[in-house]
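Everything on this sheet refers to the single structure shown next.
The model shown is predicted, which means the values in this text are computed figures rather than measured ones. Here is the naming used below: chain letters follow the sequence lines, and residue numbers restart at 1 for every chain.
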Amino acid sequence: MFTDAPNFDIRNYLRMEMMPHFLCPGCGHGMALRALLWALHELDIDKDKLAVVSGIGCAGRLSAYIDANTFHTTHGRPLAYATGLALARPDLHVVVISGDGDCLAIGGNHLIHACRRNLKLTCLMLNNEIYGMTGGQVSPTTSETRLTTTTPLGNTEPNFDACALATAAGAGFVGREVTRHVPKLKELIKAGLQHPGFAFVEVLSDCTEVYGRKNDMGSSAEMVMRQKSEMRPSVYRDSVDTPFRSTDLPTGILTRNDRPEYGASLRRAAALASKGAH
Amino acid sequence: MNESSIADLSGSEPVAFNAALAEPFNVLIVGVGGQGVIMVSKVLATLAQAHGFEVKQSEVHGMAKRGGTVFSHVRYGARVWSPTIAKGEADVLIALEWAEGLRWLPYLKRETGVFICDTKRIVPPFACLNRRPGATLRYSGETAEQVAAYVAEGYAIDATRMAEELGNERAANVVLLGALSTALEFPLPEWERVITQFVPKKSVAVNMAAFGLGRSWIAEARTAAPAAEAPVRPAPVHTPYAPRLEITAEWCKSCDICVKLCPERCLRLNAERVVELFAPEKCTGCRLCEWLCPDFAIRVHLDAEAVPEGITP
Ligand SMILES: Cc1ncc(C[n+]2csc(CCOP(=O)(O)OP(=O)(O)O)c2C)c(N)n1
Ligand code: SF4
Ligand code: SF4
Ligand code: SF4
Ligand SMILES: [Mg+2]
């Protein structure tokens with residue numbers, strides 16, 4: 001463990017003039033950003049060959065801090081922008097950073113179709129179970145019984161298993177990790193970046209200031225520690241007065257297959273068509 | 001825990017003394033990953049099975065990769081039901097590493113158990129604090145004499161050094177097999193035949209020599225002074241670096257994550273509620289604070305450092 005990081009100085013990958021970032025104290029998205037930049041560093045990906053596309057939200061804001069080609073797009077649509085970019089520039093590493101609201105609520109349709117096409121790009125969904133930026137409304141991943149500004153009596157809707165959704169929709173690579181395990185998360189993102197098709201990585205992150213505060217989840221440190229202790233069998237989650245986040249979900253690489261990559265298929269079809277025309 | 005079945009030894013006839021073992025004979029073999037615990041256990045199990053005994057072997061070796069504890073239970077007799085040895089029920093405890101031997105002592109039969117232990121000491125790779133320059137080693141401090149007082153029959157044997165002198169440190173487990181062979185009733189040629197099966201072809205000769213050494217060492221120890229060789233207490237393992245924390249105070253948002261998650265508890269928030277390393281001598285350079293700080297306010301440097309005298313790098 002001592003030797004795997006010595007040359008990684010995150011500051012070489014940050015827009016220093018934008019720092020410190022705007023995230024609240026203890027926000028898990030900071031650890032997720034570290035894991036991504038560390039993965040890019042270890043794969044020796046040239047900043048000029050990297051395009052980070054993000055949506056709107058605290059998660060979406062992260063692209064602003066990365067010293068590379070970045071696009072801070074519209075809410076729910078980063079995958080649509082990224083699709084165009086990846087098709088036009090197959091030489092780039094395209095990375096999407098999205099939130100649970102961004103990716104599964106307003107952007108849910110873009111996600112399932114991106115998975116279905118299996119275009120080569122890497123999509124990180126930072127799941128903090130809440131609309132953090134807009135003050136804490138319920139999201140499609142909010143655990144049942146949790147308090148949010150739009151569920152003052154506790155959430156009664158069942159939540160999405162984003163990885164199961166991505167797998168069912170056809171993503172070639174699907175994985176999940178908690179922010180507490182930064183080195184493991186880095187390895188997962190690396191595997192995703194190296195996958196030849198669509199890679200979906202769900203990062204279980206913490207919204208300390210809004211979600212944590214509203215639900216009495218303790219200090220930032222306690223929330224980070226809980227990421228592990230709450231990984232319990234679902235049988236413990238049945239009682240209504242004990243709201244658990246869905247971290248009894250499996251982590252690691254959950255799906256990896258070699259379905260045809262969309263960009264290559266499209267270019268092949270285009271080449272055939274242009275041959276036929278002459 | 002997995003129970004493995006042992007391949008049959010074709011052509012060997014069960015010998016007479018099996019019927020006598022109405023109660024199973026229990027041998028517990030322990031060590032750390034990479035030492036060859038499982039090989040010892042396979043040799044014994046194969047041997048016992050070739051003699052017509054029913055054999056049950058079970059082992060845990062999941063932690064092997066990290067230098068973690070590895071153990072294997074071998075039970076043989078006319079009839080064996082449970083694959084594991086209960087506390088206080090082992091007839092022989094054979095340990096390839098000193099602290100592992102001590103760890104498992106309560107499994108040995110108090111009145112009659114035989115304890116055979118390599119004096120080799122391995123500091124686990126994750127014992128970071130032990131790796132600090134000049135650190136006091138928090139390795140078990142029991143001497144061979146103290147242990148001898150606890151067991152019915154005990155041997156602290158420097159098997160690893162003996163194997164090294166034969167030119168192959170990896171044969172230490174076979175030195176211990178030699179020692180073990182003196183505590184069991186299987187005939188010598190059988191031992192040699194089975195060991196030959198389990199060692200690489202080109203190292204048969206050195207392993208046979210190792211086996212012989214282990215046997216004769218015990219024979220001498222039995223006749224000579226009863227006190228076993230005292231294990232040599234190793235110097236702390238020194239990793240030649242000094243951790244240094246570079247803190248970007250303006251970025252710290254006082255979230256307290258690093259303070260609460262630092263394994264050595266050597267960080268705190270100062271009067272301005274900015275992180276500071278208040279006990280630098282405790283910091284092991286594990287980098288957890290760097291990894292978990294959501295604000296990138298900590299960078300851990302592992303500076304190269306001169307090795308203090310008397311410490312093996
Ligand atoms: C079209 C549109 N609708 C609504 C919004 C308001 N809005 C901004 S961020 C956000 C939700 C962000 O939640 P999430 O994606 O989970 O990101 P987080 O802040 O939790 O990281 C919403 C609804 C918007 N900016 N644009
Ligand atoms: S509101 Fe929540 S998600 Fe947004 S920065 Fe604050 S803690 Fe992070
Ligand atoms: S590197 Fe950081 S977390 Fe590790 S011991 Fe030192 S101060 Fe604590
Ligand atoms: S984790 Fe970072 S921001 Fe939080 S207290 Fe420690 S140094 Fe400060
Ligand atoms: Mg969110």
Aromatic ring pairing A:Tyr13/A:Phe8, orientation class (parallel under 30°, perpendicular over 60°, tilted between): tilted
Portion of B:Asp295 that has a non-hydrogen atom of chain A nearer than 4.5 angstrom: both
Which portion of B:Leu292 sits near chain A, non-hydrogen atoms under 4.5 angstrom: both
Between A:His29 and A:Ser205: side-chain donor-acceptor atoms closer than 3.5 Å: yes
Non-hydrogen side-chain atoms of B:Val70 and B:Glu59 separated by less than 4.5 Å: no
Proximity breakdown for A:Thr179 and chain B, heavy-atom pairs closer than 4.5 Å: backbone
Side chain, backbone, both or neither of A:Tyr65 within contact of chain B (heavy atoms, under 4.5 Å): neither
Aromatic contact, B:Phe71 with B:Trp104 (centres under 6.0 Å): yes
Cationic tip of A:Arg11 above B:Phe296 ring, under 6.0 Å, 45° of axis: no
Contact winner vs chain A - B:Cys293, B:Cys258, B:Ser254, B:Cys255, heavy-atom pairs under 4.5 Å: B:Cys255
